[in-house]
**Student:** 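My structure is below; once you've seen it, I'll send some questions.
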Amino acid sequence: MAQDSSTQFAQIAMNNYLLDHAYDEMFVAAGELHRHYEPLLGHFSSLPADELQRRKQAADLSFLNQGITFTVYGREEGTEKIFPYDLLPRIITAAEWAKVEHGLMQRITALNLFLKDIYNEGRILQDGIIPREVVFSCKQYRRQMIGLQVPRNIYIAICGTDLIRLENGEFVVLEDNLRVPSGVSYMLTNRRVMKRIFPQLFRSYNVRPIEQYTQLLLGTLRSLAPEGRPEPNIVLLSPGVFNSAYFEHAYLARQMGIELVEGRDLVVHDNIVYMRTTSGLRRVDVIYRRVDDDFIDPLAFRPDSILGVAGLFNAYRAGNVTLANAFGTGVADDKALYAYVPDIIKYYLSEEPVLKNVETYLLTRPNERQHVLQNLDKLVVKAVGESGGYGMLIGPQSTAAQREEFARKIEADPRNYIAQPTISFSRAPCLIGDALEPRHVDLRPYVLYGDKVTVVPGGLTRVALTRGSLVVNSSQGGGSKDTWVLSQ
Amino acid sequence: MLSRVADSLYWMARYLERAEHTARLLDVNLNLMLDESSTSSEHRWLRVLHALGYPQDVAWTGDPYSLTRALTFDTNYKASIVSCIIAARENSRHVREQISTEQWQRLNSLYLQVTSPGFEAGVDGQSTEFLQSVTEAIHQFQGITDSTMSHGEGWQFIQVGRFIERASATAMLLEAYHEDLWIYPERIPEGNEYLEWMGLLRSATAFEAYCKVYTADLTPERILEFLLLDEKFPHSLRFAIDSMQKALEEIQHESGKHRAETLYRLGGRLQSMLSFTTIEDVLHQNVVGVLRNILAQCRAIHQTIYELYVDYSIQTALAG
């Protein structure tokens with residue numbers, strides 16, 4: 001019985017799976033697997049189709065009961081949703097990973113040096129590698145940070161960089177997330193659920209563990225404590241329960257054993273930050289903040305913010321508290337600045353970038369702007385300050401009216417947009433109903449920078465669950481997969 | 001521990017205790033109602049409302065089942081069972097990193113169950129199965145809490161919330177029944193009256209425990225003594241106040257005792273009143289007066305907990 005349906009699953013899966021020019025994570029060609037996927041398909045084929053469905057339901061239920069959800073804004077009903085989870089893991093070989101890891105370490109090191117430079121001497125600007133106006137016109141550039149010393153000169157302690165695979169299988173950087181990157185809790189919980197649902201399969205692969213992430217994060221935060229605070233009190237600052245990533249904030253705080261605080265729990269007195277506890281006020285030394293710069297201190301930044309702590313920025317300036325990431329790191333993940341990252345790497349490290357960028361047109365350059373305006377139907381246009389798939393034009397899928405609207409916007413404010421070719425990034429097989437179907441995926445590995453740079457082997461693979469879609473964001477109907485990095 | 005966290009844990013426990021108490025009260029009364037004439041129905045349900053502290057906007061309209069539905073499912077009414085479960089879950093969501101995963105999962109599944117679309121329509125209006133399942137889920141939650149959460153300050157705040165709510169509910173329950181059961185304390189119960197007394201005990205889960213101490217002979221003084229002064233029964237006022245005071249002392253121990261003199265005194269006074277009084281002393285006084293006095297003291301303790309641990313002024317804290 002099991003034998004019959006199994007052969008069926010493998011046959012149907014192989015026969016009906018449509019390949020096109022995009023790189024496929026599982027298939028080299030029709031009927032031919034990448035070798036590291038063979039045991040996976042073998043295992044899935046040994047299960048009856050209804051058993052797969054049963055395990056899928058068990059996984060979903062586990063996420064729901066654990067409240068592993070994100071909040072969808074602007075809806076009354078059902079504002080908490082589980083992040084759809086696909087049963088097939090995405091597998092990365094040891095060799096592929098070695099290159100990714102090297103590239104990410106190189107990138108975060110260079111970007112840190114860049115931030116230190118632009119908030120201090122500004123050598124890279126004097127040497128004309130990057131035009132001054134690109135940096136100074138960035139919305140995330142913080143004048144308040146000029147000349148400020150941050151502990152260990154580390155601006156970016158926590159980073160999540162989005163990678164995609166081109167048609168030739170090469171990993172390239174799509175964007176860096178240097179402010180408050182999220183998703184690491186899904187990486188960790190996906191793995192836990194996976195190990196529970198497919199213990200045998202998991203055991204048969206040599207997958208590198210990722211559980212140590214929270215301990216590494218804690219160590220990173222501890223290493224950034226202000227001078228003279230040998231046993232620092234570390235807290236995670238969350239905007240609160242209505243934030244879309246609240247589950248993650250609570251998860252990380254619990255896994256690290258630190259307090260999860262909100263702005264209203266903190267007070268600043270004489271440039272010292274305290275938290276309000278049942279035994280009175282307790283000093284705070286390091287804040288892993290998941291609140292954006294703009295909202296963190298109503299005295300220094302947006303006065304209408306109710307999420308922040310009045311006086312926090314002064315305490316930070318005085319060196320009495322560390323923030324991770326530092327204020328003003330957003331300048332380095334501005335989408336226009338992204339185009340210069342290869343130059344930044346060469347300038348500070350005298351090395352060639354290990355991971356390439358996606359080709360990017362800067363609309364402030366007249367000839368590039370001209371080219372983009374003439375080819376809007378082929379390109380992707382992104383607003384530099386937006387994230388989460390908002391403020392985007394995907395040329396091939398757009399209407400003439402949308403293109404006209406974007407053309408007007410670009411001409412009105414060219415600094416605010418970039419354009420990139422439409423890349424048909426790689427696809428991985430997903431279980432859709434009873435069948436395997438290809439869906440586009442990206443990869444967000446997580447990088448930590450404290451005593452040293454660490455990249456946890458894995459990351460969050462996001463899946464565009466709509467057939468043919470290139471948008472993987474959870475707010476736009478994306479899902480995720482467990483990501484396995486093999487040790488050999 | 002963060003003040004906000006203490007606040008959320010305290011309320012999580014209070015809301016669940018309230019949901020459990022309401023569920024049991026409704027279950028017991030729906031059951032006893034089947035044995036009585038319909039003329040006394042109104043009296044019974046008004047007494048239920050009295051025992052719940054006359055919840056706002058909920059009125060007796062002549063139909064026990066519609067009253068039960070309101071007290072169970074109506075989320076417009078903040079003390080309905082479903083509202084309490086939602087509030088408890090919301091409080092626990094604010095402190096997810098403070099409670100165990102097991103606790104969260106138990107409470108979250110209860111929440112998902114009672115808020116799933118169309119759930120209310122699927123519950124048979126005349127069956128008490130749902131009420132029993134709520135009580136059971138909350139018992140499970142309490143067991144999970146006690147066995148998976150570290151018995152540190154957070155757990156102590158849960159204890160305080162649970163027992164201050166229980167003490168208030170028991171005092172109100174006794175007050176609601178007082179008029180019926182203690183006007184003529186010398187009388188021997190007959191027929192339906194026996195059922196009422198049993199109902200009172202069962203509303204506090206006390207019937208079996210009472211029988212173990214006094215046998216199934218129910219007398220008003222003994223019932224009052226048992227629910228007010230018994231040292232070992234978890235739903236008696238004395239037990240609840242003892243447990244609350246014990247938890248408060250643990251909290252004071254962790255957070256610095258000198259700050260907590262007023263609270264220590266308030267709790268200690270109520271505790272010693274219940275420990276050193278006899279049922280004769282109580283019966284010689286105005287029983288309703290005694291119960292109302294206990295309720296007032298519970299409110300004062302609640303207020304003082306707030307001033308001390310949650311809502312204190314920054315200036316005082318810096319000076320201290």
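Protein chains get the first letters and strands the later ones, always in sequence-line order, with residue 1 at the start of each.
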**Student:** Is Lys56(A) atom NZ crowded by more than 12 heavy atoms from other residues, nucleotides or ligands, each under 6.0 Å away?
**Tutor:**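 More than 12 heavy atoms, drawn from other residues, nucleotides or ligands, come within 6.0 Å of this atom.
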
**Student:** Test of understanding: with side chain to side chain contact (heavy atoms under 4.5 Å, CB included), list the residues that count as partners of Pro181(A), not counting sequence neighbours.
**Tutor:**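 Expected list: Ile158(A), Asn177(A).
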
**Student:** I need the residue from Leu236(A), Leu252(A), Leu260(A) with the largest number of non-hydrogen atom pairs under 4.5 Å to chain B.
**Tutor:**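 Winner by heavy-atom pair count: Leu260(A).
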
**Student:** Measure from the side-chain N and O atoms of Ser3(B) to the backbone N and O of Thr277(A), and report whether any donor-acceptor pair falls under 3.5 Å.
**Tutor:**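 A pair under 3.5 Å: yes.
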
**Student:** Asp265(A) side chain to Val5(B) main-chain N or O, any donor-acceptor pair under 3.5 Å?
**Tutor:**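 Absent.
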
**Student:** Counting only heavy atoms closer than 4.5 Å, note whether Gln255(A) contacts chain B via side chain, backbone, both or neither.
**Tutor:**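 Answer is neither: Gln255(A) stays 4.5 Å or more from chain B.
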
**Student:** Nearest 0.5 Å, what's the CG-CG distance between Leu112(B) and Leu61(A)?
**Tutor:**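 Reported to 0.5 Å precision, the distance equals 9.0 Å.
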
**Student:** What residue, out of Arg282(A), His249(A), Glu262(A), has the most heavy-atom pairs lying under 4.5 Å from chain B?
**Tutor:**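 Of the candidates given, the most pairs with chain B belong to Glu262(A).
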
**Student:** Would you find a donor on one side and an acceptor on the other, under 3.5 Å apart, between the side chain of Tyr246(A) and the backbone of Arg93(B)?
**Tutor:**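 At least one qualifying donor-acceptor pair exists.
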
**Student:** For Leu110(B), is it the side chain, the backbone, both, or neither that has a heavy atom closer than 4.5 Å to a heavy atom of chain A?
**Tutor:**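 Looking at Leu110(B), nothing touches chain A.
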
**Student:** Of all the residues in residues 140-163 of chain B, which have a heavy atom that comes within less than 4.5 Å of a heavy atom in chain A?
**Tutor:**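 Hits under 4.5 Å: Glu153(B), Phe157(B).
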
**Student:** Can you tell me how far the CD1 atom of Ile272(A) sits from the CG atom of Leu318(B), to the nearest 0.5 Å?
**Tutor:**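 Those atoms lie 11.0 Å apart.
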
**Student:** Quick check with a 6.0 Å cut-off and a 45 degree axis cone: is Arg276(A) positioned over the face of Tyr312(B)'s six-membered ring?
**Tutor:**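 Yes; both conditions hold, so Arg276(A) lies above the ring face of Tyr312(B).
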
**Student:** Can you tell me how far apart OG (Ser279(A)) and CG (Leu308(B)) are? Round to the nearest 0.5 Å.
**Tutor:**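 Result: 10.5 Å between the selected atoms.
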
**Student:** Write down the atom of Leu64(A), the atom of Asn108(B), and the distance for their closest heavy-atom approach.
**Tutor:**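 Reported closest heavy-atom pair: O-ND2, 3.1 Å.
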
**Student:** Please name the pair of heavy atoms, one in Glu90(B) and one in Val241(A), separated by the smallest distance, quoted to 0.1 Å.
**Tutor:**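 So the two residues come closest at OE2-CG1, 4.1 Å.
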
**Student:** Evaluate the side chain to side chain contact (heavy atoms under 4.5 Å, CB included) criterion for residues Arg254(A) and Ile99(B): first the C-alpha distance (whole Å), next the side-chain angles of each, then the deciding distance (0.1 Å), finally the verdict.
**Tutor:** CA-CA 9 Å; Arg254(A) 187 175 55 222; Ile99(B) 60 175; 5.9 Å; no

**Student:** Do the rings of His94(B) and Phe242(A) sit parallel, tilted or perpendicular, given the 30° and 60° boundaries?
**Tutor:**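 Because their plane-to-plane angle is over 60°, the rings of His94(B) and Phe242(A) count as perpendicular.
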
**Student:** Rounded to the nearest 0.5 Å, what separates atom OH in Tyr274(A) from atom CD1 in Ile314(B)?
**Tutor:**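 Going from OH on Tyr274(A) over to CD1 on Ile314(B), the span is 10.5 Å.
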
**Student:** Check side chain to side chain contact (heavy atoms under 4.5 Å, CB included) between Glu211(A) and all other residues, then give those that pass, not counting sequence neighbours.
**Tutor:**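 Expected list: Arg192(A), Lys195(A).
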
**Student:** In terms of heavy-atom proximity below 4.5 Å to chain A, should Leu2(B) be classed as side chain, backbone, both, or neither?
**Tutor:**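 Both parts, heavy atoms under 4.5 Å.
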
**Student:** Do any of residues 215-223 of chain A have a heavy atom less than 4.5 Å from a heavy atom of chain B, and if so, which, in residue order?
**Tutor:**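 Under the 4.5 Å heavy-atom cut-off, nothing qualifies.
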
**Student:** Check whether the side chains of Gln98(B) and Glu259(A) place a donor and an acceptor atom closer than 3.5 Å, and report yes or no.
**Tutor:**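 Checked: Gln98(B)/Glu259(A) side chains pair up, N/O donor to acceptor below 3.5 Å.
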
**Student:** Answer with side chain, backbone, both or neither: which region of Arg264(A) has an atom nearer than 4.5 Å to a non-hydrogen atom of chain B?
**Tutor:**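 Contact with chain B involves the side chain of Arg264(A) alone.
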
**Student:** Are the side chains of Ile258(A) and Glu97(B) in touch, meaning some heavy atoms are under 4.5 Å apart?
**Tutor:**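 Sidechains of Glu97(B) and Ile258(A): no contact.
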
**Student:** Are Phe247(A) and Arg96(B) side-chain neighbours, meaning at least one heavy-atom pair lies under 4.5 Å?
**Tutor:**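 Contact flag for Phe247(A)/Arg96(B) side chains = yes.
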
